[in-house]
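Here is the structure we will look at, set down as structure tokens.
Heads up: numbering here begins at 1 and tracks the sequence.
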Amino acid sequence: MASLDKMGAVLATKVLCGTDVVAEDVNISLPDITFQTVEVKGLGTIEIPTCLTEALESTVTSVGMDKGFYNMLGLESKTFEYRFVKNLLETSGDTGVRGYKAFLKGIPSNIPGGSIEPGSSWSGDVTFKITRYQLYADGVEKILIDKLKGICKINGKDYAKEINSLL
């Protein structure tokens, strides 16, 4: 029975908006993907997940009101790239790192306020309503959800392809 590498902590993060670095070493949240279900009758009710998803959302916790913070704001669609690195312990006993990249297209939906306090740093969560989400792990695409183009690809299989071919 094969063992899996042991994943460790996130070592660093970076957020780009377009081609500009807007945040480093901050908390980011990737979208939760929740599939819509349909009911099927069979000795009662069975709920079957579809390739349709609920709304996708992502956040970046900005530390400070700097140029990067203001570049994330607005009411138009923006392209983001989240980069993060995790350490790992390989089954061979060697240590290493694994890189991840998430490409997101979304619209900022808030401007965080927050409390301003002498002697303390300010931070706030900028939330984005996501229309496209693509995740790479170690250079390999794992997830691609494009709500506007009708793509729902997981581990290389496009679950919406059959639906789109019939339209």
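Counting non-hydrogen atoms of other residues, nucleotides and ligands closer than 6.0 Å to CD1 of I48 gives a total above 12. Taking a 6.0 Å sphere around CG of L43, one finds it holds 12 or fewer heavy atoms contributed by other residues, nucleotides or ligands. More than 12 heavy atoms of other residues, nucleotides or ligands sit less than 6.0 Å from atom CG of L73.
Separation of atoms CG (L104) and CG (L135) is listed at 9.0 Å; rounding is to 0.5 Å. Note: L16 CG to E24 CD = 9.0 Å, rounded to the nearest 0.5 Å. Of the inter-residue distances, the one linking T34 atom OG1 with L52 atom CG reads 13.0 Å to the nearest 0.5 angstrom. Distance check: E81 CD to Q134 CD gives 10.5 Å after rounding to the nearest 0.5 Å. Atom OG1 of T61 is separated from atom CG of D25 by 13.0 Å, given to the nearest 0.5 angstrom. Considering NZ of K161 and SG of C51, their distance stands at 13.5 Å, rounded to 0.5 Å.
Side-chain atoms of N164 come within 3.5 Å of backbone N or O of G150 as a donor-acceptor pair. Although no hydrogens or angles enter the test, the distance criterion places a donor-acceptor pair under 3.5 Å between the side chain of N110 and the main chain of D125. Within the 3.5 Å criterion, the main-chain N or O of V22 finds no donor-acceptor partner in the side chain of D20. Judged by distance alone, with hydrogens and angles left aside, the side-chain atoms of W122 form no donor-acceptor pair with the main-chain N or O of S62 at under 3.5 Å. For the pair D94 (side chain) and E90 (backbone), a donor-acceptor distance under 3.5 Å is absent. Between the side chain of T50 and the main chain of Q36, a donor-acceptor pair closer than 3.5 Å is present. At distances below 3.5 Å, not a single donor-acceptor pair connects side-chain atoms of T131 with backbone N or O atoms of K147. With S77 contributing its side chain and I107 its backbone, the two residues share no donor-acceptor pair below 3.5 Å. Proximity of a side-chain donor or acceptor of D5 to a complementary backbone N or O of T91 within less than 3.5 Å is detected.
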**Message:** Evaluate I28 against V26 for side chain to side chain contact (heavy atoms under 4.5 Å, CB included), listing each step before the verdict.
**Reply:** CA-CA 6 Å; I28 55 179; V26 296; 4.3 Å; yes
**Request:** Apply side chain to side chain contact (heavy atoms under 4.5 Å, CB included) to R132 and L144, showing your working.
**Result:** CA-CA 7 Å; R132 179 182 168 89; L144 172 57; 3.6 Å; yes
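Under the 4.5 Å side-chain heavy-atom criterion for grouping Ile, Leu, Val, Met, Phe, Trp and Tyr, L11 is not connected to L88 through any hydrophobic cluster. The same ILVMFWY cluster, assembled from side-chain heavy atoms under 4.5 Å apart, contains both I111 and V63. Note on V15 and V10: same hydrophobic cluster, where clusters join Ile, Leu, Val, Met, Phe, Trp and Tyr whose side-chain heavy atoms are under 4.5 Å apart, directly or indirectly. Taken together through direct or relayed side-chain contacts under 4.5 Å among Ile, Leu, Val, Met, Phe, Trp and Tyr, M65 and V60 form part of one hydrophobic cluster. At a threshold of 4.5 Å between side-chain heavy atoms, the hydrophobic network of Ile, Leu, Val, Met, Phe, Trp and Tyr places F35 and I130 in one connected group.
Every side-chain hydrogen bond (donor to acceptor under 3.5 Å, both in side chains) that Y82 has, sequence neighbours left out, goes to S58. E76 pairs by the side-chain hydrogen bond (donor to acceptor under 3.5 Å, both in side chains) definition with K78, not counting sequence neighbours.
Contact of the L30 side chain with the F84 side chain is registered, since non-hydrogen atoms from C-beta on lie closer than 4.5 Å. Under the 4.5 Å side-chain criterion, counting only non-hydrogen atoms from C-beta, I33 is in contact with I145. Side-chain contact check for I151 versus D158: some heavy-atom pair is nearer than 4.5 Å. At a threshold of 4.5 Å between non-hydrogen side-chain atoms, the residues Y136 and K142 do not count as touching. Inter-residue side-chain proximity for D32 and E57 is flagged as unmet; no heavy-atom pair is nearer than 4.5 Å. In this structure the side chain of E141 reaches within 4.5 angstrom of the side chain of K153, judged on heavy atoms. Here the side chains of Y133 and I143 are in contact, with some heavy-atom distance below 4.5 Å. By the 4.5 Å heavy-atom criterion applied to side chains, T127 and S109 are counted as neighbours.
Residues T59 and S29 have side chains that bring a donor and an acceptor to within less than 3.5 angstrom of each other. For the residue pair K41 and T45, a side-chain donor N or O sits within less than 3.5 Å of a side-chain acceptor on the partner.
When ring centroids are compared, F103 and F80 stay outside the 6.0 Å threshold.
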